[in-house]
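From a predicted model like this one, the values you see are computed outputs, not experimental measurements.
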Amino acid sequence: MLEQARAFRKGLIGLALVLSLAGCDPIFDNHGYVPPAEALEQVQIGASRDAVIAAIGTPGAAGVMRDEAWLYTAYRIRSLGIRAPQIMERQLLAISFDANGRVSNIEEFGLEDGRVVQLSRRVTTSSVREVTFFGQLLGNFGRINIGDALDN
């Protein structure tokens, strides 16, 4: 009986170890869409927007600078345990249009082309005072001319 209890405990410890190690497997998430190279070959400089839609479809992000460019983006994120998610791959395809709605430029960017942008944490102070409702109400006394308000 004592032998069986020890074997059972060893089995439970082994199972706990296997399950804890399985929890360390990375999880990959894919987001976005960038058309494959074969489909992109159909888009040539000078093609219309309709030809681009027929060849590779509409993008997920349009309307950049008044619809002068279409952006197709895709990225892959790895999550590992309690660590912050990390972007492993990123693709960006930018198709620019001229004033006539024709393709003027096609550019591709990857993760290595990206730059880290430092956001400024400065807060601009406002010259407007915080005035409560009652402060505004009481502040209007003396400014209202009853004679002007009653003249229609």
Are W70 and I53 side-chain neighbours, meaning at least one heavy-atom pair lies under 4.5 Å? yes

Counting only heavy atoms from other residues, nucleotides and ligands, does the tally under 6.0 Å from CD1 of I27 exceed 12? no

Testing the basics here: between [X] and [Y], what is the closest heavy-atom pair and its distance to 0.1 Å?
X   : Y    : result
I77 : Y75  : CD1-CE1, 3.5 Å
Y72 : V52  : OH-CG1, 3.9 Å
A94 : L71  : CB-CD2, 3.7 Å
Y33 : P36  : OH-CD, 3.8 Å
G46 : R102 : O-CD, 3.0 Å

Side chain to side chain contact (heavy atoms under 4.5 Å, CB included) evaluation trace for I56 with I95: CA-CA 11 Å; I56 60 176; I95 299 179; 3.6 Å; yes

Who pairs with [X] by side-chain contact (heavy atoms from CB on, under 4.5 Å), at least two apart in sequence or on another chain?
X    : result
A55  : Q42, V43
E108 : L40, L93
F28  : P26, R76, R78, M88

Reported CD-to-OG distance for the pair E107 and S96, which is rounded to 0.5 angstrom: 6.0 Å

Interatomic spacing from CD in E68 to CG in N105 - rounded to 0.5 Å: 12.5 Å

E38 side chain vs P35 backbone, donor-acceptor pair below 3.5 Å: no

What pairs meet the ring-ring contact (aromatic ring centres under 6.0 Å, His included) rule with one or both residues in residues 40-60, with sequence neighbours excluded? none

ring-ring contact (aromatic ring centres under 6.0 Å, His included) against F109, all qualifying residues, sequence neighbours excluded: none

